[in-house]
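All remarks here apply to the structure that follows.
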Protein chains: 2
Amino acid sequence: MSDRGKPDFPYRQHDHQVCIEECIERAEAACMDHNEHFTENRRAVLELLLAGHRPLGAYEIVEQFDWKNRRPAPAQIYRALAFLESLGLIHRIASRNAYLACNRPGHQKGAIFLVCERCELVAELEGTQMLTAIDNLSASSGFVAHTHLIEVSGLCPACSDTLDFERAET
Amino acid sequence: MSDRGKPDFPYRQHDHQVCIEECIERAEAACMDHNEHFTENRRAVLELLLAGHRPLGAYEIVEQFDWKNRRPAPAQIYRALAFLESLGLIHRIASRNAYLACNRPGHQKGAIFLVCERCELVAELEGTQMLTAIDNLSASSGFVAHTHLIEVSGLCPACSDTLDFERAET
DNA sequence: TTGCAAACACTATAACATAACATTCTACCC
DNA sequence: GGGTAGAATGTTATGTTATAGTGTTTGCAA
């Protein structure tokens, strides 16, 4: 799955089951590295997020989380989200108040997110160079940068094509 | 007030009263241009946001809004915020769920926000070149960009100095 | 002066997130 | 095994941010 990490990865056909399995393995390894437990709760939340290249709101996770035939409390989900985010396994999409499984394992920093306004698919791009440029720009004002948030809203290739087609129809 | 629009503007001493007045004038002009009314409600919200180079949450505005000795309903504030944002007079700082008066009049697009983690001061930088670079990057994946969100979290010059000093003390 | 559209007022509720505290689980030591 | 410290979970409650929906007022033009 060398495709993962490439900018257009989520836009292409791929064996999503493999994609999921790799991310789970990656998560297990990350937990080992940090002497943390990859508990059932955390695994279940990550699996829900891995189901599609779409961000889920915390309460969507609550709803989809089938847990002994009951509903988990929001706090339970938020705890798992905070844990997964601390390990760089997921990202928060601020413009949507939603959470996305990371598909650039090992490169948790320096991401740029392309959020489709129509289908909600999110692509995660490598943006390290961009961030360096931004850091330089802000440093020239004396600002010391710690974390970055870059989200682009627009249309993914498929939705863009669809809309072009619909416009051509009329 | 040619200082406005420069990256380090909010970090420097300036006549803030003039700064406010200019923005109000600018808002009046913008409303004229768009055949909209600069109502009391909208003006009051903008003035609260102009009071400092700090973003305010909608409910902070509700609290500070002295309105015939009553408290306005949140919806009233959100309406004004939506209106002001549609005219580019204010920006939403997504990482803080807060709103900031624009200090780059006439350049409502292409901003980069530097958010101080310590004092909450926000600087608004011209980032058109950066955005172009990001658009090019995303276009190479077939993504059609509409809007951008770039927020950098860190320390403003003053807070950075203060912390350096405190560290040197110990 | 009537009629229309914009803006406002108000109530309620949706949507997102965390605090606080009790309980259970797990790893480790004796 | 039994004790125990820390991590994780379970639970309740509440805090925070944002919008829906509906009726009223206002400004303005025909």
Side-chain angles (χ1 to χ4, degrees), chain A residues 27-28 30-46 48-49 54-87 89-100 120 149 151, chain B residues 27-28 30-46 48-49 54-87 89-100 120 149 151:
Chain A
E28 284 168 347
C31 286
M32 292 279 275
D33 287 351
H34 291 80
N35 273 312
E36 298 280 6
H37 305 280
F38 193 48
T39 65
E40 202 184 339
N41 194 30
R42 293 164 178 177
R43 172 190 290 266
V45 169
L46 182 58
L48 283 174
L49 290 177
R54 275 174 185 71
L56 293 180
Y59 281 70
E60 282 182 276
I61 297 173
V62 167
E63 278 165 26
Q64 293 182 22
F65 200 124
D66 185 13
W67 176 70
K68 302 165 193 164
N69 290 321
R70 280 184 300 161
R71 232 174 218 214
Q76 185 172 340
I77 303 304
Y78 278 104
R79 267 197 301 253
L81 290 171
F83 172 82
L84 293 168
E85 193 174 12
S86 74
L87 259 56
L89 298 167
I90 65 170
H91 302 288
R92 180 166 194 277
I93 306 299
S95 60
R96 302 290 160 128
N97 294 326
Y99 302 83
L100 178 76
E120 302 196 303
L149 175 58
E151 295 174 23
Chain B
E28 284 168 347
C31 287
M32 293 278 276
D33 287 352
H34 292 80
N35 272 312
E36 300 279 4
H37 304 281
F38 192 50
T39 65
E40 202 184 339
N41 194 29
R42 293 165 178 176
R43 172 190 289 267
V45 169
L46 181 58
L48 283 173
L49 291 177
R54 275 173 184 71
L56 293 179
Y59 282 70
E60 284 181 274
I61 297 173
V62 168
E63 278 165 25
Q64 293 181 24
F65 200 122
D66 184 14
W67 177 69
K68 302 166 192 161
N69 290 321
R70 279 184 302 161
R71 221 170 230 220
Q76 184 173 339
I77 303 303
Y78 279 104
R79 266 197 310 257
L81 290 171
F83 172 82
L84 293 168
E85 193 174 11
S86 75
L87 259 56
L89 297 167
I90 66 170
H91 302 288
R92 181 168 193 276
I93 306 298
S95 60
R96 304 289 160 130
N97 294 325
Y99 302 83
L100 178 76
E120 304 196 300
L149 175 58
E151 295 174 22

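In what follows, chains carry the letters A, B, and so on, assigned in the order in which the sequence lines appear, proteins first and then strands, with residues in each chain numbered from 1.
Partners of A:Asn41 according to the side chain to side chain contact (heavy atoms under 4.5 Å, CB included) rule, which considers only residues two or more places apart in sequence or in another chain, are A:Thr39, A:Phe65, A:Gln76, A:Ala80. For B:Glu151, the side-chain hydrogen bond (donor to acceptor under 3.5 Å, both in side chains) test picks out B:Ser95, with sequence neighbours left out. Listed by chain and residue number, B:Arg43 satisfy the salt bridge (charged side-chain N to carboxylate O under 4.0 Å, His left out) test with B:Glu28 (two or more places apart in sequence, or in another chain). Evaluation of the side-chain hydrogen bond (donor to acceptor under 3.5 Å, both in side chains) rule for A:Arg42 yields no partner, not counting sequence neighbours.
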Scoring nucleotides 4-17 of chain D by protein non-hydrogen atoms under 4.0 Å (B base, S sugar-phosphate only, - none) yields ----SBBBB----B

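Comparing the end axes of the helix from C:dT1-D:dA30 to C:dC30-D:dG1, each fitted to five base pairs by superposing C1' atoms of four pairs onto the next four, gives an inter-axis angle of 10° (nearest 10 degrees).
Between B:Arg92 and B:Leu100, every side-chain heavy-atom pair lies at or beyond the 4.5 Å cut-off. Contact annotation: the side chain of A:Leu49 approaches that of A:Leu81 to within less than 4.5 Å [non-hydrogen atoms, C-beta and beyond].
The minimum heavy-atom distance between A:Pro74 and A:Val62, with the atom names listed, is CA-CG2, 4.1 Å.
Atom pair B:Ile77:CD1 and C:dC10:C1' shows a separation of 14 Å (rounding to whole Å applied).
Summarising the local packing, CD of A:Glu120 is surrounded by 12 or fewer heavy atoms from other residues, nucleotides or ligands at distances under 6.0 Å.
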